[in-house]
Amino acid sequence: MSVRVRFAPSPTGLLHVGALRTVLFDYLYARKMGGVNILRIEDTDRARYNPDSEAEFVETLRWVGIDFDEGPHIGGPHAPYRQSERKEAGIYAREIQKLLDNGTAYKAFDTSAELDEMRELQQINKIATGYFGGKWRDASASEVAEAEAEGKPFVIRLKIPKDRTIVLQDLIRGRVEWDSNVIDDPVLIKADGMPTYHFAAMVDDHLMEITHILRGEEWIPSAPKHIALFEAFGWTPPIFVHCPVIVGNDGKKLSKRHGATRVLDYAAQGFMPQSLKNFIALIGWSPGEDREVLSEVELIKLFDLDRLQPSPGRFDMEKLQWLSGHAIRALDIDDLIQKIVDFVAFDYARTYHHSEVAEDEGGAEEQAKRIARWASLELLANHPDRDYVRKCVVLEQERVTTLADFGEACEFFLVDQPKMDAKAVEKWLGQAHVPALFEVIGAFCEGGGNNTPEAYEKLLRDFQATSGLEKLGPIVHPTRVALTGKTFGPGLFELMAVLGPARISSRLSEATKVH
RNA sequence: GGCCCGGUCGUCUAGUGGUUAGGAUGCUGCCCUUUCAAGGCGGAGGUCGCGGGUUCAAGUCCCGUCCGGGCUACCA
């Protein structure tokens, strides 16, 4: 039987990192097995419904490079793929009737006030809370008919069998058992007629012929309900795969405090999607060899559910950064430039770089940095001299970890006069030999000297020889500061050849004035 | 409270009875070098949560215990 997996998010908000990992595993497994990857929207909770959510999922997953074979945005043989639409189509009404008919589900007319009272009593008596039958599980047909005739609202609950052991055979965790008497009767259909997750998800998984249910481990406690539901229908349940969660550095659930949880924020920060995938896949899974940097193809080829690990993993930003830098360095230069151009055209990245930054993430200072970074990125992407852009990017390629980093890295290439680091100016530009040095370089540039790294190197080394200075540093550093405003960056001779004589002369004369 | 899941260097992990407990990241030293990176070569960092047991032999199997996390809704 062909593998069919599904990502079934509830459209209540953004796509976060934890959910991404589950879809990634769905996707990798489907692709590896030549199976089908399905997107299904679980919008049965009207109160929490967010109309922008579905578009967020689709856009984000497109960026990451995770695609679907069936879903609300592309259709498929099991359409519709939104549960609200499936409800309208009468699917859940039809299925629940089967359970009502075979006696495995029942109508319960308790009011929410009654249920609250019941729970309170259970808590006081320190016994398990939940609905273990109440007065309706075994109510007589006439009692039910009477309540219905009065028009009382009701829910439909599943009859969890008594005095049994319910067994979950989880692919990652093995056998997990429950005494069925500790499992309460879950609501299947709410008073408003909408199905609950428990009902809709399992019915759809069966109808859509899902072979493996990959979901977060927070679902383990409700697994026995789902298994009992499959039994009530007489259906064979799919294979359950409860994936470990991703937590923050403090071991707690990933939240805003740990950095971005919204996947699209990583796109906006200029991370390479492949490295995010690579990184996320490595939390809870490994190929079993000592290999960590994996291409898309390798990821698919090597991935296997058998190698999933049960323990939760922490989200380590530094490793993501290493992976992203690695991916950028591996890129062909023209490809890289195209990616930078695309990045600058990416609306959300622009928005991200211009939105307010919370105090604990750097506040106004960080925000100013982002705005400057973006401005420089735009200069780079829109620069008329593409050959110049190419040369700048080549020199910075091995010094960045994200696409956005090119903003800061290339800034001095792009502006008329770079911002000068005051400390660097003070340290290097005041030295006695500097005026003579700049004069020599200026003369070389205006006199039509060769604009090559080799020629500049010879020029500066010759100056060193005649000046009597022992090291090249006192010559290189002031020049670098005058030309870039910084004490670090690409090789001086290479960057001089990129800047060219005109920029060099004007910057040197500016630098002379500054000091 | 009840039920459930988890526990190997700071972090991500390899490991399925016999290994000096391996790799990666991060940290750090050296090399390269005009700086910063990148790259190359080293180093520190783990009494495998703890305590019993089984065994000639336990990170690996069993029991107990501690700690962390989840669920305990007409939310998913």
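Protein chains get the first letters and strands the later ones, always in sequence-line order, with residue 1 at the start of each.
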Anything under 3.5 Å between a donor and an acceptor, one on a side chain of residues 391-398 of chain A, the other on a protein residue two or more places apart or in another chain? List them.
from   : atom 1 : to     : atom 2 : distance (Å)
A/K391 : NZ     : A/D387 : OD2    : 3.3
A/Q397 : NE2    : A/I328 : O      : 3.0
A/Q397 : NE2    : A/L331 : O      : 2.9

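The CZ atom of A/R175 sits 15 Å away from the C1' atom of B/C4 (whole-angstrom rounding). In this structure, A/I127 atom CD1 and B/C3 atom P are separated by 13 Å, rounded to whole Å. Taking atom CG of A/L121 as the reference point, atom C1' of B/G1 lies 15 Å away to the nearest angstrom. Between the CG atom of A/N278 and the C1' atom of B/A24 there is a distance of 11 Å, given to the nearest Å.
On the C1' atoms, B/U60 is 16 Å away from B/G22, given to the nearest whole Å. When the C1' atom is compared between B/C27 and B/U11, the two are found 12 Å apart, to the nearest whole Å. Across B/G18 and B/C62, the matching P atoms stand 16 Å from one another, rounded to whole Å. B/U65 sits 15 Å from B/C5 when the P atoms are compared, rounded to a whole Å. Using C1' as the reference atom, B/U16 and B/A21 are 15 Å apart when rounded to the nearest Å. Here the separation of B/G7 from B/G15, taken at their C1' atoms, is 16 Å to the nearest Å. Across the C1' atoms, B/U13 and B/U8 are found 9 Å apart, a figure rounded to whole Å.
When ring centroids are compared, A/F303 and A/F25 come within the 6.0 Å threshold. Aromatic ring centres of A/Y92 and A/Y197: separated by at least 6.0 Å.
Using a 4.0 Å cut-off between a side-chain N of Lys or Arg and a carboxylate O of Asp or Glu, A/R40 and A/D205 qualify as a salt bridge. Comment: A/K87 does not engage A/E85 in a salt bridge, judged by the lack of any side-chain N to carboxylate O separation of less than 4.0 angstrom. A salt bridge between A/R86 and A/D204 is present, with a side-chain N of the basic residue lying under 4.0 Å from a carboxylate O of the acidic one.
Among residues at least two apart or in separate chains, side chain to side chain donor-acceptor pair (under 3.5 Å) pairs with a member in residues 318-333 of chain A are A/E292-A/K319.
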Item checked: Protein proximity profile, nucleotides 71-76 of chain B - base contact B, sugar-phosphate-only contact S, no contact -, cut-off 4.0 Å on heavy atoms -> SSSBBB
Notebook entry, point to check: Where along nucleotides 7-14 of chain B does protein come under 4.0 Å, by heavy atom, of base (B) or sugar-phosphate alone (S), with - for untouched nucleotides?
Noted result: S---SBSS
Next item on the list: Indicate for each nucleotide in nucleotides 32-47 of chain B, in 5' to 3' sequence, whether protein heavy atoms under 4.0 Å reach the base (B), only the sugar-phosphate (S), or nothing (-).
Entry: --BBBBSS--------
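Nucleotide B/C67 forms a Watson-Crick or G-U wobble pair with B/G6, both donor-acceptor distances falling under 3.5 Å. Across all strands shown, B/U11 is found opposite B/A24 as a Watson-Crick or G-U wobble partner, with both distances under 3.5 Å.
Ring geometry for A/F57 against A/F7 counts as perpendicular: the plane angle is over 60°, on a 0 to 90° scale with 30° as the lower cut. Ring geometry, A/H433 versus A/F463: the interplanar angle falls from 30° to 60°, so the pair is classed tilted.
The shortest distance between side-chain heavy atoms of A/I227 and A/V167 does not fall below 4.5 Å.
Surrounding NZ of A/K427 are at most 12 heavy atoms belonging to other residues, nucleotides or ligands under 6.0 Å away.
In this view, A/E439 satisfies the salt bridge (charged side-chain N to carboxylate O under 4.0 Å, His left out) rule with no residue, not counting sequence neighbours.
Residues A/E177 and A/K126 both approach RNA chain B. Their nearest nucleotides, taken by heavy-atom distance, put A/K126 toward the 5′ side.
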